[in-house]
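Residue numbers start from 1 in every chain, and the chains themselves are labelled A, B, ... in the order their sequence lines are given, proteins ahead of strands. Values in this document were obtained by computation on a predicted structure and should not be read as measured data.
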Amino acid sequence: MTDRISNKKNITLSIIAIIVMLAAIYVLDIVIKPTSSWSNLMTCLEKGTIYALVAVSMNLLNGFTGLFSLGQAGFMLIGAYAYAIFAIAPEDRATVYQYYEGGGLIHFSLPHMLQDMMGGADAFGGTIGYYLGIILLMIFAGLITAVIAFLIGIPVLRLKSDYLAIATLGFAEIIRSFFQWEGLGPVTNGSNVLRKFASYDSSIFPVLVAGICVAFIVLLINSSYGRAFKSIRDDEIAAEAMGVNLFKHKELSFVISSFFAGVGGALLAMFQNNINAAPFTSNMTYEILLIVVIGGIGSITGSIIGAYLFVCCSEWWLRGLDAGEFLGIEADFMSPGFRKVVFAVVIMCIVLFYSRGIMGTNEFSWSGLFNFFKTLPKRIAAVPGKIKAKFSNKKHKKHTENVKEAQ
Amino acid sequence: MSKENVLRVSDITMQFGGVVAVNDLSLEVNKGEIIGLIGPNGAGKTTAFNVITGVYAPTNGRVELHGETIAENHPHGKMKAMYKGQNDGKYTDVKVLTPDKITKKGIARTFQNIRLFKGMTVLENVLVAMHMNMKAGVFGAALRFNAAEEAKMREEAMELLRMFNLEENKDDLATSLPYGKQRHLEIARALATKPQLLLLDEPAAGMNPQESDELMRMVGKIRDDFNLSILMIEHHMQVIMGICERIYVLDYGALIAEGTPEEIQNNPRVIEAYLGVDD
């Protein structure tokens with residue numbers, strides 16, 4: 001009985017928290033976005049949200065199904081292009097596809113088309129049509145990515161561990177070169193930038209979309225299919241002996257993960273307002289992998305925390321280190337590139353003290369949060385001792401002494 | 001009295017490179033029987049299990065469940081020149097089902113070195129085994145349209161846990177259980193697949209005499225309650241002799257004896273295989 005009451009309480013708390021968060025984002029969006037001094041906050045919020053979605057989708061593969069795949073950037077690229085290509089207004093096509101005759105091959109834009117059909121740019125119905133177009137196109141981008149992932153998965157998912165990682169990494173690079181190929185220029189604009197496509201206005205849009213996607217993944221992981229995924233991660237032979245069709249479930253996880261990577265790619269395209277295949281290298285996959293590992297392999301909450309931490313550090317908090325002024329300190333050695341040095345140290349510290357990621361395999365819970373704040377002072381007090389223990393080689397000395405005694 | 005046949009293994013040979021792990025093994029399990037498979041270490045017992053459950057494709061021979069072929073093979077390709085087993089040319093088909101399909105057809109197993117899902121709770125371990133019979137698709141399951149089905153699955157899983165006294169441990173990580181309980185959980189998990197034939201690979205390994213006595217009673221109870229047949233590998237002779245109706249003895253991959261516990265105990269070839277012989 002008490003279980004149910006506390007459950008109800010948790011749900012109410014969660015709903016309140018979500019409403020407060022959305023309201024806060026809405027207000028911040030109106031107040032902060034026009035002013036330049038704090039615009040970093042909104043940038044980090046949007047980019048962090050998008051990275052969180054992609055990291056969670058990668059965690060579904062790496063952390064919950066045990067498939068070490070490194071193809072995420074490639075799938076984001078497919079999603080971003082599938083979205084952007086069909087969202088450039090026909091009148092802008094000539095300028096975007098300037099190197100190709102007649103403004104490329106495709107001459108329609110779903111968001112703009114629906115906007116016109118439902119009353120034009122100024123009417124309320126037009127805005128709804130515009131966003132409906134964006135959402136439909138994002139689902140389309142996800143589906144295209146999923147189909148390509150399905151095809152890639154057929155040969156690749158027969159491989160295991162490192163070999164799978166190498167194969168997916170290779171496919172991601174192939175996808176990138178393919179999209180840059182001049183022969184496809186009339187569709188993808190070759191290696192030139194795609195821009196002027198439909199995008200969202202309010203920061204609340206990516207938060208909502210990513211929120212719904214992450215919620216779906218969480219529900220999936222807690223369902224019977226999620227248990228089947230986890231059983232494959234823990235022991236393939238036993239999973240198969242318990243009737244779990246390995247290939248089907250691996251393919252399923254791969255396709256679902258890619259779908260959300262595609263949606264994340266579409267969001268990233270909208271966030272950047274222009275898209276180009278060049279930055280979707282393996283480096284981007286490693287960034288996402290870093291987020292997953294820092295947050296905790298097998299923890300959705302960890303991936304989300306890791307994403308915001310990573311984005312805030314690289315886009316905002318540590319920027320001063322490159323510019324020569326950080327926390328009021330000015331120094332000559334703080335020149336471009338120094339940020340990365342400090343960031344590397346931060347990552348090493350996290351890995352040193354949280355060897356299984358910030359969250360390990362734990363998930364967010366209200367009782368966990370309350371407990372965190374309750375025990376915070378105690379744990380802060382214990383930090384110096386912990387550091388001492390990490391860096392002193394007392395243990396080692398003791399061990400050698402013991403060995404000597406034994407001799 | 002003729003009994004309904006459940007499993008028929010005919011002339012199975014399993015060869016890894018030049019090593020013949022199982023040579024020309026034939027055995028039968030009828031409905032409601034508890035059959036023992038014994039032999040010294042390295043005799044090929046677990047390999048035989050792996051062939052029956054589809055982990056390995058046999059090099060030659062056939063496995064049938066209720067008269068339906070679940071694995072059949074003959075030496076071909078590279079193996080043709082290397083083949084050292086018997087009955088070459090008797091079988092012509094090549095058909096090997098994957099382990100998950102064989103489990104679906106009604107063979108469940110436990111493992112010699114416990115293979116529980118480490119990152120999952122006791123209840124989840126049992127629920128995984130019920131996944132294959134679930135009707136809902138991915139979206140149905142993720143969006144909780146199958147709440148009734150899921151609730152039923154959980155109830156059945158809890159019933160199994162209750163049977164094995166694992167009820168209080170349902171939310172513990174499977175690997176946090178004591179050794180004996182882990183063995184019980186493996187059996188519970190295998191039963192959750194609703195098998196007609198249960199293969200137990202050394203269920204009493206590492207148990208003290210009292211625990212193995214309890215296990216013996218439990219195996220009999222499982223056979224009666226779930227109305228299934230059991231094929232078990234075991235080294236504890238009092239367990240095997242106590243509950244098995246028939247026993248097969250393997251040595252160096254080949255069948256050396258077959259019969260009731262009394263016949264096996266007095267068989268000179270078995271004694272020789274286990275104890276050696278004076279020169």
Residue by residue, which of residues 149-160 of chain B have a heavy atom closer than 4.5 Å to a heavy atom belonging to chain A? B/Glu150, B/Met153, B/Arg154
Who among B/Arg109, B/Lys104, B/Glu124 has the most heavy-atom pairs with chain A under 4.5 Å? B/Glu124
Ring centers of B/Tyr56, B/Phe16 separated by less than 6.0 Å: yes
Examine whether an atom of B/Ala129 lies under 4.5 Å from a heavy atom of chain A, and if so say whether it belongs to the side chain, the backbone or both; otherwise answer neither. both
Verify the distance criterion only: is there a donor paired with an acceptor across the side chains of A/Gln72 and A/Ser257 at less than 3.5 Å? yes
Among side-chain atoms of B/Ser229 and B/Glu33, is any donor-acceptor pair under 3.5 angstrom? no
Chain B heavy atoms under 4.5 Å from A/Ile217: which part of the residue, side chain, backbone, both or neither? neither
If I measure from the heavy atoms of chain B, does A/Ala215 come under 4.5 Å with its side chain, its backbone, both, or neither? neither
Taking the side chain as everything from C-beta on, heavy atoms only, tell me whether A/Val263 gets closer than 4.5 Å to A/Tyr83. no
Would you indicate whether A/Phe150, at its atom CZ, is surrounded by more than 12 heavy atoms from other residues, nucleotides or ligands within a distance under 6.0 Å? no
Examine A/Tyr131 together with A/Phe205 and report whether their ring centres are nearer than 6.0 Å. yes
Counting only heavy atoms closer than 4.5 Å, note whether B/Thr193 contacts chain A via side chain, backbone, both or neither. side chain
Given heavy-atom pairs under 4.5 angstrom as the criterion, report whether the side chain, backbone, both or neither of B/Met120 touches chain A. both
Salt-bridge present (B/Arg115, A/Asp235; N to O < 4.0 Å): yes
Is the B/Phe139 to A/Tyr225 ring centre distance short of 6.0 Å? no
Check each atom of A/Ile221 against the heavy atoms of chain B and say whether the ones under 4.5 Å are side chain, backbone, both or neither. neither
Report, by ascending residue number, the residues of residues 164-186 of chain B in heavy-atom contact with chain A at a distance under 4.5 Å; give 'none' if the set is empty. none
Indicate whether any N or O donor in one side chain lies under 3.5 Å from an N or O acceptor in the other, for B/Thr69 and B/Glu64. no
Do the charged groups of B/Glu28 and B/Arg8 touch, with an N to O distance under 4.0 Å? yes
Contact leader toward chain A among B/Ile107, B/Val138, B/Leu116, B/Val55, where contacts are heavy-atom pairs under 4.5 Å: B/Val138
Member of A/Val292, A/Ile288, A/Ile294, A/Val293 meeting the side-chain contact (heavy atoms from CB on, under 4.5 Å) criterion with A/Leu290: A/Ile294
Taking A/Ser303 for its side chain and A/Val56 for its backbone only, find out whether a donor-acceptor pair lies under 3.5 Å. no
Region of B/Ala136 that comes under 4.5 Å of a non-hydrogen atom in chain A: backbone
Between A/Phe68 and A/Tyr163, does the ring centre distance come in under 6.0 Å? no
Report yes if the side chains of B/Val22 and B/Thr13 come closer than 4.5 Å at any heavy-atom pair, otherwise no. no
